[in-house]
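Note that ligands are numbered from 1 as they come in the structure, with each ligand's atoms numbered from 1 the same way. Please read these numbers as outputs of a predicted model, since none were measured by experiment. FYI, side chains are in, hydrogens and waters are out, and symmetry mates aren't considered; it's all heavy atoms of this structure.
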Amino acid sequence: MQPSPYTPGEVARSVPGRAQQLAEVDERLSTLIDLGRLVGRIRVDHAARGFGKTSLLREYQRHAAARGATTVWVTAGEEQGLVTQIAAELRRVTDGFGDKTRAALRSRIETLQLSVGGPGIATATGTFHPANNADGDQSGARALEAVIKAATTEVPLVVLIDEIQSADPAGLRTLVYAWQHLQAEGVDVPAAVFAAGLPNAPETIASIVTFSERLAYRPLGPLHRDAEELALIGPARALGVHWSQGAVDRALEIAQGYPYSVQLIADAAWTVAGRPNPGGVIDVGAVERGHIAMQADLDALFRARWAVCSPAERRMLTAMANLGDGPVPRSAIAEALHTGSNQLSTPRARLIDKGLIQPADRGMLEFTIPGFGAFVHNNE
Ligand SMILES: Nc1ncnc2c1ncn2[C@@H]1O[C@H](COP(=O)(O)OP(=O)(O)O)[C@@H](O)[C@H]1O
Ligand SMILES: [Mg+2]
């Protein structure tokens with residue numbers, strides 16, 4: 001009996017199918033590490049939940065660390081704000097720096113804390129409330145710029161930001177202004193920001209900062225067949241266990257390229273097959289029985305998404321689901337609901353914001369998560 005090597009709901013141990021993303025980031029890391037230059041654009045990989053954003057960002061972090069960069073990881077959305085989160089993490093990693101660098105960095109961080117503040121922070125002279133306006137943002141950006149410079153005097157720095165769509169607007173503005181300044185000055189500051197977020201991240205960020213050219217948005221799609229197959233059979237092979245071809249085919253049909261489902265079906269089949277020893281086989285029967293077991297987990301995810309939808313949003317989802325699996329025209333949804341296309345714009349926008357549907361070609365709409373349409377169809 002061997003424990004499952006699969007990772008449903010956990011950071012993936014490897015990220016097959018993401019070679020292009022990693023190649024692009026590796027190239028940026030060369031700019032950073034070999035040339036000692038700023039990576040001028042903030043990269044944002046975006047997709048619905050379960051597509052592997054956090055796992056990919058962790059892989060970026062491993063690549064950066066392997067090439068000698070200092071890395072700092074934050075999950076945006078905490079109350080203290082994005083910039084304070086970054087500063088706090090930077091403060092933690094300064095322990096590895098030389099005395100002089102550490103002292104310089106710490107004093108810059110203190111200045112930064114004063115200018116961005118958060119909910120009001122205690123100082124020697126009382127409680128300081130930072131200006132909540134464009135001037136405040138600019139001085140915060142200058143202070144953050146100074147921190148980034150101080151942090152990169154010895155080694156290049158990579159800042160990783162997960163869930164960037166949840167960042168506080170002021171923090172995001174400060175970060176993007178700081179990057180704008182660093183870029184404009186043209187001095188060599190070896191720093192980079194790689195981020196991940198939900199599909200609404202580009203729109204959310206565009207509504208907060210004006211210069212979108214500072215950001216490079218990259219949609220993260222489903223896994224191709226070969227990558228999915230690798231994700232299924234690779235971890236088993238390492239434990240001496242074989243997937244039959246029939247089992248692979250059936251599992252891929254079930255997962256539909258959705259990384260979370262790949263892990264769910266693989267893990268469920270592994271368990272049903274009795275957690276095989278070396279020499280064991282996972283056959284199509286195990287996958288079929290695993291399918292039933294995994295459905296509960298997948299339904300739990302879907303139910304949680306459904307629970308946050310308003311009645312109007314639910315009606316729209318139901319109409320879409322009843323129209324079939326693929327992309328559906330807006331007009332067909334409106335017709336099914338006996339309403340005009342304009343009446344749909346609010347629920348449409350909210351559902352896109354929640355990452356449940358996305359625009360497809362030619363004015364059509366589609367579900368973002370494979371299986372969600374079927375769930376809605378069967379449960380309504
Ligand atoms: N490239 C990949 N191949 C196979 N499984 C993956 C891959 N990337 C992520 N996963 C798995 O998919 C699920 C979702 O991954 P996660 O990184 O948490 O996604 P997100 O941050 O987009 O919600 C996890 O179970 C993870 O182990
Ligand atoms: Mg995530």
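- Considering backbone and side-chain atoms together, Pro16 places an N or O closer than 3.5 Å to an N or O of ligand 1.
- Note on Glu288 versus Arg250: salt bridge recorded, some NZ/NE/NH1/NH2 to OD/OE distance being below 4.0 Å.
- Arg43 has a carboxylate O that lies under 4.0 Å from a charged side-chain N of Asp45, or vice versa, which qualifies the two as a salt bridge.
- Salt-bridge annotation for Glu313 and Lys354: present, with a side-chain N of the basic residue lying under 4.0 Å from a carboxylate O of the acidic one.
- Of all protein heavy atoms, the one closest to atom 11 (C) of ligand 1 is Gln263 CG, 3.5 Å.
- From the protein, the heavy atom lying nearest to atom 25 (O) of ligand 1 is Thr7 O, 2.6 Å.
- Closest protein heavy atom to atom 22 (O) of ligand 1: Lys53 NZ, 2.6 Å.
- Scanning the protein heavy atoms around atom 19 (O) of ligand 1, the nearest turns out to be Gly52 N, 3.0 Å.
- Looking at Arg225 and Glu228, no side-chain N of the basic residue comes within less than 4.0 Å of a carboxylate O on the acidic one, giving no salt bridge.
- The closest approach between Gly17 and ligand 1 stays at or above 4.0 Å for every heavy atom of the residue.
- Between Glu154 and Lys100, no side-chain nitrogen of the basic residue sits less than 4.0 Å from a carboxylate oxygen of the acidic one, so the salt-bridge criterion is not met.
- Nearest non-hydrogen protein atom to atom 18 (O) of ligand 1 is Thr54 CB, 4.2 Å.
- Taking distance alone, with nitrogen or oxygen atoms compared against 3.5 Å, Glu10 approaches ligand 1 more closely than that limit.
- Residue Ala231 has no nitrogen or oxygen atom sitting less than 3.5 Å from a nitrogen or oxygen atom of ligand 1, judged on distance alone.
- The protein atom (non-hydrogen) at minimum distance from atom 13 (C) of ligand 1 is Tyr260 CA, 3.7 Å.
- Counted within 6.0 Å of CZ on Arg362, heavy atoms from surrounding residues, nucleotides or ligands total 12 or fewer; the atom is thus considered open.
- Each of the atoms 25 (O) of ligand 1 lies under 4.0 Å from some heavy atom of Pro8.
- Near Arg49, the atoms of ligand 1 lying under 4.0 angstrom from a non-hydrogen atom of the residue are 23 (O).
- Residue contacts to the Mg ion (ligand 2): Thr54 brings an N, O or S atom closer than 2.8 Å.
- A donor-acceptor pair shorter than 3.5 Å can be found between the side chains of Glu24 and Gln20.
- Put simply, Ile233 and Ile254 are part of the same group of oily side chains (I, L, V, M, F, W, Y) that touch within less than 4.5 Å, one to the next.
- Arg58 forms a cation-pi arrangement with Trp73, by the criterion of a distance under 6.0 Å to the ring centre and an angle within 45° of the ring axis.
- Below 3.5 Å of separation, one finds an N or O of Gly9 facing an N or O of ligand 1.
- Although no hydrogens or angles enter the test, the distance criterion places a donor-acceptor pair under 3.5 Å between the side chain of Tyr6 and the main chain of Leu232.
- Taking any N or O of Leu223, backbone or side chain, none lies under 3.5 Å from an N or O belonging to ligand 1.
- The single protein non-hydrogen atom nearest to atom 23 (O) of ligand 1 is Gly50 N, 2.8 Å, given as residue, atom name and distance.
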